[in-house]
Number of protein chains: 2
Amino acid sequence: MSKKPHKERPIMLLLDSLGRRWSLRIIWELQDGPAKFRALRSACDGVSPSVLNKRISELRKLGFVEKTDGGYGLTRDGESLAERLRKLDRWARRWDKRRQG
Amino acid sequence: MSKKPHKERPIMLLLDSLGRRWSLRIIWELQDGPAKFRALRSACDGVSPSVLNKRISELRKLGFVEKTDGGYGLTRDGESLAERLRKLDRWARRWDKRRQG
DNA sequence: AGGTTTTGCTACACTTTTGGTAGCGTAGAT
DNA sequence: ATCTACGCTACCAAAAGTGTAGCAAAACCT
């Protein structure tokens, strides 16, 4: 036992926030540099602006995204998270090979 | 250029599937061993059985979860993904400290 | 065998979230 | 003044998720 209640654990906050549509994708799309609202939107398969705006607010509140002069960009933490996504990307490729030969 | 279209890339499949509610959480909750449907359900804050069932099917199709004698458990790939989540957990704690001191 | 429990899971009505389109208000360039 | 690009809001439709009740099958007891 001696575990903190789930809701207080940072990982739970992450699993919950990032387990929402477009959250991870947005970070993924920002990894190569800042993007403006509309550009980011079309990079994310044309996600609706209302949702995009909501996600951006959430990600800013979590400290992953910030407004820069070139549009929206990743913060230090955002970059760090993006790096984890790149590792996941490599993992995903191996996983995919295993799946379908 | 020379990038594959997004939809064909494994990472996109992952970002899309795991970017759904409870997907990551389910894997997280299964990391300590198999769990039966109802136990898993209450571990996941009482997620509704319809959604849980849908998620389990998806995760099984992706090859992360399988039916074992003790309930639902992680496959090799599932374990591997769970290991990544544990790393994310450690990362999340550092991130949390940075945020709120 | 008969009865109780436990199990995975479906059905259904309801709420929340997301999708899709139109377009406003501001700012800068012409 | 006009045009363009911008972030973003409003609106409604569609999809996804919630919450509760409960069924059918299997497992567990006498």
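A note on names: the letters A, B, ... follow the listed sequences, proteins ahead of strands, and every chain is numbered from 1. For the numbers below, each heavy atom of this structure counts, side chains included, while hydrogens, waters and symmetry mates do not.
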Problem set entry | Phosphate OP1/OP2 of C:dG19 contacted by A:W22 side-chain N/O (<4.0 Å) | yes

For this session: Answer yes or no: is there a side-chain heavy-atom contact under 4.5 Å between B:V47 and B:L40?
Result: no

Problem set entry | Carboxylate-amine/guanidinium contact A:R86 A:E83, below 4.0 Å | yes

Seminar exercise, completed: Closest to the side chain of A:P49, out of C:dT10, D:dA10, C:dT17, is D:dA10

For this session: Ignoring the backbone of A:K67, work out which of D:dG17, D:dG7, C:dT21 is nearest its side chain.
Result: D:dG7

Exercise. Is A:R93 paired with A:D96 through a side-chain N to carboxylate O contact shorter than 4.0 Å?
Worked result: no

For this session: Could you tell me the separation between the CG atom of B:L52 and the P atom of D:dA16, rounded to a whole number of Å?
Result: 17 Å

Seminar exercise, completed: Taken to the nearest whole Å, CG/B:D69 to C1'/C:dT7 is 15 Å

Problem set entry | From A:W22, A:F64, A:Y72, residue fulfilling side-chain contact (heavy atoms from CB on, under 4.5 Å) relative to A:L59 | A:F64

Exercise. Does B:Y72 place a side-chain N or O at less than 4.0 Å from the phosphate oxygens OP1/OP2 of C:dT7?
Worked result: no

Problem set entry | Contact check, side chains of B:E66 and B:R60, non-hydrogen atoms, under 4.5 Å | no

Exercise. Hey, does B:E58 have a side-chain heavy atom less than 4.5 Å from the side chain of B:S17?
Worked result: no

Exercise. For A:N53 and D:dT9, is the shortest distance between a side-chain N/O and OP1 or OP2 below 4.0 Å?
Worked result: yes

Exercise. For the side chain of B:R21, counting heavy atoms from C-beta on, which of C:dG20, C:dT17, C:dT18 is nearest?
Worked result: C:dT17

Exercise. Contacts to DNA chain C from residues 33-44 of chain B, heavy-atom cutoff under 4.0 Å, which residues?
Worked result: B:K36, B:F37, B:R38

Problem set entry | Axis bend over the full length of the helix from C:dA1-D:dT30 to C:dT30-D:dA1, computed from five pairs that close each end, to 10 degrees | 30°

For this session: In plain terms, say whether B:E79 and B:R76 are close enough for a salt bridge, that is, a side-chain N and a carboxylate O under 4.0 Å apart.
Result: no

